[in-house]
Amino acid sequence: MELTPFLQKELPEPLYSQLYHWIKKEIEEDRLLPGMRMPSIRQLMIHLKVSRNTVEAAYQQLQSEGYLESVPKSGIWVAEMEMPSLHLNKVEQPPRLENKPANEVLVDFEYGNIDLEKFPLKQWKKCLSDAVDQENFQYSEKQGEWALRREISNYLLQSRGVRQAPEQIVITAGTQASIALICRLLELREKTVALEEPGYSGVRAVLEDEGCQIDPVPLEKDGLSVDHIQTSRAKAVYVTPSHQFPMGMVLPISKRMRLLKWANQTGGYIIEDDYDGEFRYRGQPIPSMKSLDEEERVIYLGTFSKSFLPSVRLSYLVLPPSLVDQYARKFAAYNQSVSPIIQRAMALFMQSREFERHIRRMRKMYQRKHQALLRSIEHYLGTQVQMVGEKSGLHILLKIKGETASELIESGLQKGVKVYSPLVFWMHPISEANSYIMLGFGGLSIEEIEEGVRLLASCLSGAGEIG
Ligand SMILES: Cc1ncc(COP(=O)(O)O)c(C=O)c1O
């Protein structure tokens, strides 16, 4: 069965509520009859081009009111109702999300999710299928499929100003795999590695497991303290200069130059993680550190997790030419761990220029979501919070006044909005760390973002009159 309600994104009424009302009316006016099977959540979200949460919230409300019935392993059905006509004259109250069943998450600001509504699934499936047709089903080259490395090489030159050859690129199954390779390549066991504090805990875990001594580098208003690095015994420093993770600042050019100078003078290495460099919404694009690296001290890390899909598990590193031979010798006995089929499919996707188009579409899409997030925060939360790192990327932090993050996270859950604590990103958490919450918005629709912030605002004391 196909349902085609007229949903209007520009209306103040959230989409899930419009959908709920429409289906309810169809049932009450006998156009949808008891015993009819409803489309699955997935079918309907694809058909209506809305998010999963929108359909789920509408279906859940209809189920809790007895209009729909979910039968395990069978589907969702229009329920048998005793006196459907009773509903006809009732004044319709939009279901308040606050009245949701306990523990139901209606809006989840989880970091790491990406937009799937505009994902070019058809084109990607075609590339996967073509890759299988072309694949010779053998191992790929140790550093990764040549065709993919060539595409990445072109892409990096055009979009990130990184001048390199495909020979310098190594394909990896994720940023953590890249870090583990670097530790072995540079023989960092028992050596000091400097890491932004707060910084990406996923990288810190690998460094610890590889036996590195971690030197947490305090952050200043404009990124990591280069003064601290200059007095450190670090052999390498891991840094997110384009968009500090998780605080979001951009490392200014003066600090980049000083960091490069430190590396040149001490023979240290800079590990630059450019994980979401594609998504910058304000100001000039900032060139990567790798593009300034004349003395071959920067190892650049890239990933397809934000720009494409986290589930392809495709990342890469760019080695300075001076480390390429060393890499080949050191890892001569290691096979490439990313499937050649996935690598080839990605190469085809990039060759067909679909990747470029996808990035352009996503940049616009994320910019709209980002604007909606900032607007909603200003509107609903006003001066009760301070935004941190709001110029780029797929997440922001909020510093909350007069309440701890853990309290807000807890009361948010009661209202169905899930936000996160960035506490884990501190190696040595300071008390201030508990005044931040983290909001990832990549996977949410604009309506969900607005609704999520509204719900969050209703949790803050003195926010009863807001929204
Ligand atoms: C700082 C940082 N680097 C890299 C990544 C991506 O890691 P991967 O390539 O393993 O998906 C993330 C994702 O959460 C991140 O936050």
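Order of appearance sets the numbers: ligands from 1, and atoms from 1 within every ligand.
- Every residue meeting the salt bridge (charged side-chain N to carboxylate O under 4.0 Å, His left out) condition with K369, not counting sequence neighbours, appears here in chain and number order: D115.
- Checked against side chain to side chain donor-acceptor pair (under 3.5 Å), E410 has the following partners two or more places apart in sequence or in another chain: Q414.
- Counting atoms of ligand 1 from 1 in the listed order, those under 4.0 Å from a heavy atom of G174 are 9 (O), 10 (O).
- Considering all non-hydrogen atoms of both residues, G393 and F441 come closest at O-CZ, 3.3 Å.
- Inclusion of S305 in the set of residues having an N or O under 3.5 Å from an N or O of ligand 1 is warranted.
- With ring centers used as reference points, Y111 lies 6.0 Å or more from Y420.
- For atom 13 (C) of ligand 1, the nearest protein heavy atom (residue, atom name, distance) is K306 NZ, 3.3 Å.
- Counting protein heavy atoms only, atom 3 (N) of ligand 1 is closest to D273 OD2, 2.6 Å.
- When heavy-atom distances to ligand 1 are checked against a 4.0 Å cut-off, Y111 comes that close only through its side chain, counted from C-beta outward.
- Of all atoms in ligand 1, listed by their number and element, those nearer than 4.0 Å to a heavy atom of S315 are 9 (O).
- For the residue pair T192 and D215, no side-chain donor N or O sits within less than 3.5 Å of a side-chain acceptor on the partner.
- Around CZ of R233, the count of heavy atoms belonging to other residues, nucleotides or ligands within 6.0 Å does not exceed 12.
- For the 3.5 Å distance criterion, the side chains of E117 and S51 fail to qualify, holding no donor opposite an acceptor.
- With a 4.0 Å cut-off on non-hydrogen atoms, T175 touches ligand 1 through its backbone as well as its side chain.
- Contacts between Y238 and ligand 1 below 4.0 angstrom, taking non-hydrogen atoms only, involve the side chain exclusively.
- A heavy-atom separation below 4.0 Å is not found between G112 and ligand 1.
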